[in-house]
Amino acid sequence: MTSMELACIQKDQPLSRYSTYEIGGNARFLALPRKDTDVLEVLEAAWRHGLNPLFFGMGSNLLFPDHPNPDTLFISTRSHIEITLNQDRLHVAAGTPMSLLALMGAVVGTSDFDFCFLLPGTLGGGIYMNAKYFSSHISDYIDRVYYVDLDDPRQGIRTISVEQCEFAYKRSIFQRKNWFIVSADLKLKQFPVRPEALQPFLAELDCGILENSSLQVFSNFYMRCLNRLKQEDDPTATSMRGIIADRTGKMHFEYPSCGSVFKNNYSIGEPIGKLADRLNLRGTQHGNAMISPVHGNVIQNRGGAKAEDVIYLIRLVQESIDKYFGFVPEAEVVIVS
């Protein structure tokens with residue numbers, strides 16, 4: 001078997017299947033590693049064939065190009081799922097969905113990760129962006145992060161402590177380093193009361209759904225899981241149902257999107273969505289992309305949108321806010337060239 005015939009590497013794959021935007025042309029090569037050794041083998045294959053590795057999780061914060069670079073090896077961690085419990089620490093693989101952490105907490109008896117429910121991304125992406133929901137950040141629970149330096153992958157998997165990760169609002173050291181996140185140790189603030197329930201839960205969960213990046217499929221799946229696991233009067237279920245009401249009320253899952261397109265500028269005093277609303281940008285359409293009619297910081301794929309349609313609206317919002325409010329909003333979505 002040659003290095004590009006690894007079982008986890010596929011050819012000619014539509015990137016639209018691997019993005020919550022459901023946008024993207026065909027990738028010449030796409031890899032789906034399932035364990036740490038797969039990651040290292042894929043990197044070795046990329047190095048031998050002169051390909052540039054690009055890692056992502058569920059594609060929830062990415063805009064893939066309409067015409068992908070044939071020299072890029074797209075590597076999704078969505079099949080790299082693992083959760084192991086060791087006293088007051090969880091070791092979690094980068095491809096583990098954030099929402100799965102919330103369900104795991106419901107099973108074993110901790111509410112630490114309730115805020116992760118219906119966040120449509122993986123732990124690796126959550127660490128990269130320091131994912132947050134209201135006042136909770138994933139960095140609040142990080143102990144150590146395991147990574148590969150893509151500039152020197154032959155050193156293997158290395159570690160970094162949370163104090164060295166430079167976490168801030170939607171920022172981390174991983175945004176300025178060419179490092180790929182493999183896994184992390186998470187600390188628990190509320191110790192599980194049913195730790196023995198973890199492994200049967202993971203064994204029974206049908207993770208095949210995770211191969212689909214559709215936001216509607218994603219949200220329906222996890223809401224069904226919650227209903228199966230919890231009773232109406234359970235405090236954890238009540239917390240998660242509040243999240244469901246908030247996100248469905250904002251139509252987060254009605255159309256393909258990446259969620260919030262821009263980071264909020266807290267020195268301004270108003271979120272980007274509100275500023276866009278004041279400029280009457282909601283509902284603006286270009287091609288088949290539209291600024292959400294209910295949330296000014298969300299750009300939707302209304303059916304068959306191209307990357308260039310979304311980019312046009314991103315620039316429109318940036319130019320309009322710069323003109324009227326004197327600053328250019330920083331994009332949160334990563335635009336892949």
Side-chain angles (χ1 to χ4, degrees), residues 1-82 93-97 120-129 145-158 172-184 207 210-213 258 306-308 310-311 333-337:
M1 180 179 290
T2 66
S3 54
M4 290 309 289
E5 292 176 343
L6 295 172
C8 60
I9 295 181
Q10 303 176 12
K11 298 180 181 179
D12 196 29
Q13 291 295 305
L15 291 174
S16 57
R17 287 185 54 203
Y18 297 90
S19 164
T20 58
Y21 251 132
E22 299 183 24
I23 291 174
N26 282 13
R28 181 183 173 200
F29 295 111
L30 182 138
L32 296 165
R34 291 184 174 273
K35 49 187 183 294
D36 292 357
T37 53
D38 289 347
V39 171
L40 298 176
E41 288 177 354
V42 166
L43 286 173
E44 178 71 13
W47 177 76
R48 287 184 178 277
H49 289 266
L51 299 175
N52 299 313
L54 188 150
F55 283 92
F56 64 100
M58 292 296 291
S60 60
N61 206 42
L62 293 177
L63 179 62
F64 285 126
D66 299 318
H67 305 284
N69 187 331
D71 292 328
T72 298
L73 172 57
F74 293 87
I75 307 170
S76 172
T77 62
R78 69 183 61 208
S79 297
H80 190 195
I81 300 171
E82 180 185 3
T96 303
T122 60
L123 177 66
I127 293 172
Y128 179 88
M129 286 301 302
V145 179
Y146 299 78
Y147 69 94
V148 174
D149 185 342
L150 297 181
D151 293 327
D152 192 7
R154 293 188 175 182
Q155 289 194 33
I157 298 173
R158 308 171 72 179
S172 74
I173 192 173
F174 304 100
Q175 295 174 27
R176 66 178 187 83
K177 294 282 191 178
N178 193 24
W179 294 350
F180 161 64
I181 298 166
V182 176
S183 58
C207 290
L210 305 177
E211 297 176 2
N212 192 317
S213 285
C258 72
K306 300 294 185 182
E308 61 185 20
V310 176
I311 292 171
V333 61
V334 177
I335 300 174
V336 179
S337 58

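Computation of the quantities below employed the complete heavy-atom set of this structure, encompassing side-chain atoms and omitting hydrogens, waters and symmetry-equivalent molecules.
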Looking at every non-hydrogen atom in both residues, tell me the closest pair between Thr122 and Gly95 and how far apart they are. CG2-O, 3.4 Å
Side-chain donor-acceptor pair under 3.5 Å between Asp71 and Asn52, yes or no? no
Would you mind reporting whether Ile23 and Asp66 have side-chain heavy atoms less than 4.5 Å apart? yes
Tyr128 to Phe174 - nearest heavy-atom pair and separation: CE1-O, 3.2 Å
Any chance you could lay out the side chain to side chain contact (heavy atoms under 4.5 Å, CB included) test for Leu15 and Leu30, step after step, and finish with the verdict? CA-CA 9 Å; Leu15 291 174; Leu30 182 138; 3.8 Å; yes
Side-chain heavy atoms of Pro14 within contact of Asn26, under 4.5 Å: yes
Using only atom types and a distance under 3.5 Å, with no angle test, would you say the side chain of Ser76 pairs donor to acceptor with the backbone of Gly57? yes
Side chain to side chain contact (heavy atoms under 4.5 Å, CB included) between Thr20 and Leu62, intermediate numbers included: CA-CA 8 Å; Thr20 58; Leu62 293 177; over 6 Å; no
Would a distance-only check, ignoring hydrogens and angles, find a side-chain to backbone donor-acceptor pair under 3.5 Å from Ser79 to Arg34? no
When you measure from the side chain of Ser60 to the backbone of Pro120, do you find a donor-acceptor pair of N or O atoms at a distance under 3.5 Å? yes
Atom pair OG (Ser183) and OH (Tyr146), whose distance is rounded to the nearest 0.5 Å: 6.5 Å
Min side-chain heavy-atom separation Arg78-Ser213 under 4.5 Å: yes
Qualifying residue for side-chain contact (heavy atoms from CB on, under 4.5 Å) with Asp149, from Arg154, Arg158, Gln155, Lys177: Arg158
Interatomic spacing from CG in Leu63 to CD in Glu308 - rounded to 0.5 Å: 10.5 Å
Measure up the Phe55 and Phe180 rings against each other and bin them: parallel (under 30°), tilted (30 to 60°), perpendicular (over 60°). parallel
Kindly give the heavy-atom pair with the smallest separation between Thr96 and Ile81, and that separation in Å. OG1-CA, 3.7 Å
Judged by atom type as modelled, is there a donor-acceptor pair below 3.5 Å linking the side chain of Gln13 to the main-chain atoms of Lys11? yes
Taking all non-hydrogen atoms of both residues into account, name the closest pair between Asn69 and Phe74 and its distance. O-CE1, 4.3 Å
Phe56 vs Phe64 aromatic rings, parallel, tilted or perpendicular, using cut-offs 30° and 60°? perpendicular
Shortest non-hydrogen contact between Ala184 and Leu123, atoms and distance: CB-CD2, 4.2 Å
Is the shortest heavy-atom distance from the side chain of Val42 to the side chain of Phe29 under 4.5 Å? no
Distance (rounded to the nearest 0.5 Å) between Leu43 CG and Asp38 CG: 11.0 Å
Closest approach of His80 and Ala93, non-hydrogen atoms and distance? O-CB, 3.4 Å
Do Ile75 and Pro33 come within less than 4.5 Å of each other through their side chains, counting heavy atoms only? yes
Heavy-atom side-chain contact between Leu73 and His49 under 4.5 Å: no
